[in-house]
A.B. asks: 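After the structure tokens below, expect a handful of questions from me.
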Amino acid sequence: MFIIGSGISSSLKDSSGKHLGKGIPDIIRMIEKLKEISSNYSLPEDLNQLFKTWESSEERKRDRSIVSRILMYFKEPSLEELRKIWSEFIEWLLYKCVDEEKNIGMIEAKPSIAHEKIAEMYKKAEDGGTNAICLTINFDSLLYKALSAKFDEFDEKGKIKKKNAYTYFEPEGCEEFFKRMEHHSAVAEIQARENVFWAKCKSSLCNLRNKSIPLLISVKYGLGGAPTKCECGGSRDILIAFPGTYEKDRIMQEMLAKIWRYLAYRISCVITIGLSGAWDPVLIAFLSDLLGERGIPLIDVNKKPEDSCLVKEIVETGVFDAVSITQPADNFMEDFVKKYGSYDL
């Protein structure tokens, strides 16, 4: 089982396949961008103070409570200034966050080599693969794009004619997939934070008003032709689920419980890539139980293991069969597939 964090998306390619040396911003960069945009507006004093606290210490930049409190101001904000800030931020995230000069954001972002190699590992053992599955902590949907490119069947216009790749954001859907995965050719990405990047129509007359639609998982990015527009013609709120809240931790626990029930007995190795664990104590606890009870080895791939909570709490304790490898994700996955692509994990 692969578990991937934001680090796997830190170095992406453009549409021609050329490496950009840039990637999807992590949560720290997102807060920095929100603060940058906010400097042009008049903010509530307590939000101003939160941004000052955020800037005052490098250690506090990984404080889940501060991150959560800042982002709570932008969750369906009532103040016009906050709505404008959030709108600018979402536009940046969708269309410019990877490369502002080339106007590459999450929508145009292409999977990295590491994403593509993980997708390759999904092949069944009889086809030379490993029956791999991946749990993602990101909301960029790049692994899903890689799975779709490899396993979906497309017509001459590039539209999906037979769907074989899925992404699951909710525990119920995840459970249904696990129940039938041994008897089905479909592959799936399992999202650990439900609808982490989603849209909701603002029109009071629209039948989709109260329906949360995952934003980046279909050709049309939900329903309608543009991320910020509903099929009814009205505008949509774009919202992000974020770490540090009871609700998100609860949803993650429910998702991990499904993995434990239906998948844990089949896992023989866990590979984490670009995952610091700083924002996900629930996941760290799950990994500790899984590795300890099942005696499963862990390979952690991280360019900065000294900053990783996962390394400190799992690898360096000496309790588990775990090792951390300081190597770029693309290089690791290319080497890994060459050496072990035909072995069952």
A.B. asks: What distance separates D300 CG from L310 CG, expressed to the nearest 0.5 Å?
C.D. replies: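 CG of L310 is found 5.0 Å from CG of D300.
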A.B. asks: Do the non-hydrogen side-chain atoms of I113 and N331 ever get within less than 4.5 Å of each other?
C.D. replies: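 Not in contact.
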A.B. asks: Side-chain donor-acceptor pair under 3.5 Å between N302 and S324, yes or no?
C.D. replies: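 There is no such pair between these side chains.
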A.B. asks: When you compare the side chain of K117 with that of F336, does any pair of heavy atoms fall below 4.5 Å?
C.D. replies: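 SC-SC contact between F336 and K117 ruled out.
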A.B. asks: Any non-hydrogen side-chain atom of F2 less than 4.5 Å from a side-chain atom of L143?
C.D. replies: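 Heavy-atom side-chain distance check fails, nothing below 4.5 Å.
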A.B. asks: Drop me the distance from I70's CD1 to I31's CD1, to the nearest 0.5 angstrom.
C.D. replies: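 Nearest 0.5 Å value for the CD1-CD1 distance: 5.0 Å.
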A.B. asks: With no hydrogens and no angle check, do the side chains of N131 and Y122 hold a donor and an acceptor under 3.5 Å apart?
C.D. replies: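 On atom types as modelled, these side chains do not qualify, holding no pair under 3.5 Å.
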A.B. asks: Hey, would you say the W86 and F89 ring centroids sit under 6.0 Å apart?
C.D. replies: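 Here the rings of F89 and W86 have centres that are less than 6.0 Å from each other.
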A.B. asks: Salt bridge check: are E306 and K312 linked by an N-O gap of less than 4.0 Å?
C.D. replies: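 Result for this pair is no, no salt bridge flagged.
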A.B. asks: Roughly how far, to the nearest 0.5 Å, is the CE atom of M333 from the CD1 atom of I8?
C.D. replies: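 The CD1 atom of I8 sits 7.5 Å away from the CE atom of M333.
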A.B. asks: Over all heavy atoms of both residues, which pair between Y262 and F178 is shortest? Give the atoms and the distance, please.
C.D. replies: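 Heavy-atom minimum between the residues: CB-CB, 3.4 Å.
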A.B. asks: Quick one: CG on D321 to CG on L291, what's the gap to the nearest 0.5 Å?
C.D. replies: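 One finds 8.5 Å between CG of D321 and CG of L291.
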A.B. asks: Rounded to the nearest 0.5 Å, what separation is found between the CG atom of L93 and the CD atom of E88?
C.D. replies: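 With rounding to 0.5 Å, CG (L93) is 13.5 Å from CD (E88).
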A.B. asks: Can a salt bridge be assigned to the pair K35 and E32 using a cut-off of 4.0 Å between side-chain N and carboxylate O?
C.D. replies: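 Between E32 and K35 there is no salt bridge, as every charged N stays at least 4.0 Å from the carboxylate O atoms.
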